[in-house]
Amino acid sequence: DSGVTQTPKHLITATGQRVTLRCSPRSGDLSVYWYQQSLDQGLQFLIQYYNGEERAKGNILERFSAQQFPDLHSELNLSSLELGDSALYFCASSVGQVGHRGEQYFGPGTRLTVT
Amino acid sequence: SQELEQSPQSLIVQEGKNLTINCTSSKTLYGLYWYKQKYGEGLIFLMMLQKGGEEKSHEKITAKLDEKKQQSSLHITASQPSHAGIYLCGAAVSTGNQFYFGTGTSLTVIP
């Protein structure tokens with residue numbers, strides 16, 4: 001158990017809908033990262049937050065947004081969902097911020113299926 | 001294009017055999033991380049390498065970083081079925097803030 005929790009574990013929704021994925025980092029970790037893993041794209045970095053502020057942005061679509069709250073949990077919002085958004089979404093956390101990233105600890109993931 | 005390329009893509013070995021997985025970057029590496037993933041599950045951190053020439057070992061797994069070649073290798077000695085899974089390298093490359101993962105190597109160990 002990495003100490004990172006993600007909910008829900010599975011999510012099935014229809015195209016055009018909006019969903020929210022939730023992540024609680026390990027105790028003491030200030031950075032939260034979001035990743036998308038699909039068969040054709042592999043593991044893609046989406047976005048990073050450090051202590052409530054956005055620190056790095058990867059291949060995140062404009063339809064997707066994230067935030068980190070004062071209690072350090074984070075949410076990833078996916079809107080206007082398309083079939084191609086079906087993937088495993090991982091959250092990871094680490095102590096450090098950009099430049100002192102250190103190892104990241106991954107949650108179990110949320111499997112999103114868009115039908 | 002992939003910032004981190006891994007080879008081979010998949011590997012099937014007999015239990016007890018040694019194996020090596022490579023990870024090559026097209027850009028300057030700022031730290032290299034190795035992770036293992038069981039299918040459909042989260043990634044488990046294995047090792048972090050930060051300096052050229054650095055070598056780390058954990059149980060029967062050894063990782064090395066060749067900074068000049070922008071390459072890292074992961075070597076497993078006397079493989080066991082418990083080593084099976086997908087191995088991914090990850091790194092921050094160049095001066096960007098993005099973190100990239102390699103394409104992954106799927107390892108099967110036959111008892």
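Every chain is numbered from 1, with letters handed out A, B, ... down the list of sequences. These values consider heavy atoms only, across backbone and side chains, with no hydrogens, waters or symmetry-generated copies. Here the structure is a predicted model, which means the values were calculated and not measured.
- Atom-to-atom distance recorded for A/E103:CD and B/Y33:OH is 7.5 Å, nearest 0.5 angstrom.
- The number of heavy atoms from other shown groups lying within 6.0 Å of NZ (B/K38) is above 12.
- Follow the hydrophobic side-chain contacts under 4.5 Å out from A/Y89 and you reach A/L61 in the same cluster.
- Shown here is B/Y39, whose OH atom has no more than 12 heavy atoms of other residues, nucleotides or ligands within 6.0 Å.
- Using cut-offs of 30° and 60° for the angle between ring planes, the B/F101 and A/Y35 rings count as perpendicular.
- For B/Y35 and A/F106, the distance between ring centers is under 6.0 angstrom.
- Counting heavy atoms of neighbouring residues, nucleotides and ligands inside a 6.0 Å radius, atom CD of B/Q14 exceeds 12 of them.
- Ranked by heavy-atom pairs under 4.5 Å with chain A, the first of B/L43, B/L88, B/I44 is B/L43.
- Atom CZ in A/F45 sits 9.0 Å away from atom OH in B/Y100 (nearest 0.5 Å).
- Placement of A/Y105 and A/L46 in two distinct hydrophobic clusters is found when ILVMFWY residues are connected by side-chain heavy-atom separations under 4.5 Å, directly or transitively.
- Grouping the Ile, Leu, Val, Met, Phe, Trp and Tyr side chains by contacts below 4.5 angstrom, directly or via other members, places A/I12 apart from A/V19.
- Considering only heavy atoms from C-beta on, A/F90 comes within 4.5 Å of B/Q37 through its side chain.
- By number of non-hydrogen pairs under 4.5 angstrom with chain B, the leading residue of A/G109, A/G58, A/G42 is A/G58.
- For chain B, the nearby parts of A/L43 are the backbone and the side chain; heavy atoms of each come within less than 4.5 Å.
- With values rounded to the nearest 0.5 angstrom, A/Q37 atom CD is found 7.0 Å from B/I86 atom CD1.
- A 6.0 Å sphere centred on CG of A/L83 holds more than 12 heavy atoms belonging to other residues, nucleotides or ligands.
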